[in-house]
Each structure stands twice: as structure tokens, then as C-alpha cells.
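Report on the structure given below.
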Amino acid sequence: MSSINLQCEELRKNIVKQINDSGLPISLVYYMMKDLMGELSEVNSTVLAKEKEDALRVSENKSDEGELSK
């Protein structure tokens with residue numbers, strides 16, 4: 001598996017290629033990408049909130065385990 005940097009670069013190149021190959025006017029692509037960014041922002045917020053909850057839960061479990069071993 002390639003590094004995260006190479007995966008990011010490959011994704012970026014694929015997106016640019018798809019846009020170029022679509023033949024759509026750039027104004028339509030702009031609004032599509034704007035909508036996509038809104039959706040990505042929502043998903044990102046959801047994922048971050050879930051990760052924070054999971055991290056807090058793990059931290060609380062470790063704290064509880066520490067109290068049991070005393």
C-alpha cells in the first residue's frame with residue numbers, strides 16, 4: 001500500500017482527470033464541487049465527533065481500569 005501522500009496525490013489527479021474528461025462547462029463543475037465540499041464538510045464533522053466520543057470512551061475506560069487495580 002502506498003503512503004498517504006501518494007494516495008492523496010493520486011486522488012487529486014483522478015479528480016482533475018474526471019473533470020477534464022467530463023466535458024462539462026467549468027461553471028457547472030464549480031457548483032458541483034461546491035455542493036460536494038458541503039457534503040464532505042458534514043461527513044468530516046460527523047467523523048470527528050465520533051472519533052472524539054471514541055477517544056473519550058477509551059480514556060474513561062483506562063481511567064476506570066486504573067482505579068480497579070489500586
Side-chain angles (χ1 to χ4, degrees):
M1 182 165 195
S2 58
S3 74
I4 191 73
N5 292 328
L6 291 175
Q7 289 175 322
C8 289
E9 183 61 18
E10 188 67 24
L11 177 60
R12 189 194 68 74
K13 285 180 181 180
N14 287 336
I15 292 169
V16 169
K17 183 179 182 332
Q18 287 293 321
I19 290 169
N20 288 335
D21 291 348
S22 74
L24 293 171
I26 194 64
S27 57
L28 290 177
V29 172
Y30 169 80
Y31 286 109
M32 291 174 68
M33 295 300 288
K34 187 175 177 183
D35 289 345
L36 182 59
M37 283 303 301
E39 290 178 34
L40 287 171
S41 180
E42 289 177 25
V43 171
N44 185 54
S45 294
T46 301
V47 168
L48 288 175
K50 172 92 170 80
E51 288 180 1
K52 286 179 184 178
E53 286 176 15
D54 292 347
L56 182 59
R57 192 173 301 116
V58 167
S59 176
E60 288 173 349
N61 286 341
K62 286 183 180 180
S63 176
D64 291 345
E65 289 173 5
E67 290 177 10
L68 292 175
S69 64
K70 288 182 181 179

**Asked** Atom CG in Asn44, atom CD in Glu39: separation rounded to 0.5 Å?
**Response** 13.5 Å
**Request:** Can you measure from CE (Met32) to CG (Leu28) and round to the nearest 0.5 angstrom?
**Result:** 8.0 Å
**Message:** Measuring from atom CD of Glu53 to atom CG of Leu48, what distance do you get when rounded to the nearest 0.5 angstrom?
**Reply:** 11.5 Å
**Item:** Sequence neighbours excluded, every pair satisfying side chain to side chain donor-acceptor pair (under 3.5 Å) that has a member inside residues 24-35
**Value:** none
**Asked** Is there a donor-acceptor pair under 3.5 Å between the side chain of Ser41 and the backbone N or O of Met37?
**Response** no
**Item:** side chain to side chain donor-acceptor pair (under 3.5 Å) against Lys17, all qualifying residues, sequence neighbours excluded
**Value:** Asp21
**Request:** Indicate, with yes or no, if Val47 and Leu36 share a hydrophobic cluster defined by side-chain heavy-atom contacts under 4.5 Å among Ile, Leu, Val, Met, Phe, Trp and Tyr.
**Result:** no
**Prompt:** Which value, rounded to the nearest 0.5 Å, describes the distance between Leu40 atom CG and Ser45 atom OG?
**Reply:** 10.5 Å
**Fill in**
Contacts of Glu9 meeting side chain to side chain donor-acceptor pair (under 3.5 Å) (sequence neighbours excluded), chain-then-number -> Arg12
**Item:** Side-chain cluster (under 4.5 Å, hydrophobic types only) that Val58 belongs to, other residues
**Value:** none
**Request:** Please list, chain by chain and in numerical order, all residues satisfying salt bridge (charged side-chain N to carboxylate O under 4.0 Å, His left out) with Lys13, sequence neighbours excluded.
**Result:** none
**Message:** Quick check for you: to the nearest 0.5 Å, what is the distance between Ser3 atom OG and Leu6 atom CG?
**Reply:** 3.5 Å
**Prompt:** How far does CD1 of Ile19 sit from CG of Leu24, to the nearest 0.5 angstrom?
**Reply:** 9.5 Å
**Prompt:** For the hydrophobic clusters of this structure (ILVMFWY residues joined by side-chain heavy atoms under 4.5 Å, transitively), does one cluster hold both Leu11 and Met33?
**Reply:** yes
**Request:** Could you list the residues that satisfy side chain to side chain donor-acceptor pair (under 3.5 Å) with Lys50, not counting sequence neighbours?
**Result:** Asp54
**Asked** Can you check whether Lys52 reaches Leu56 side chain to side chain, under 4.5 Å on heavy atoms?
**Response** no
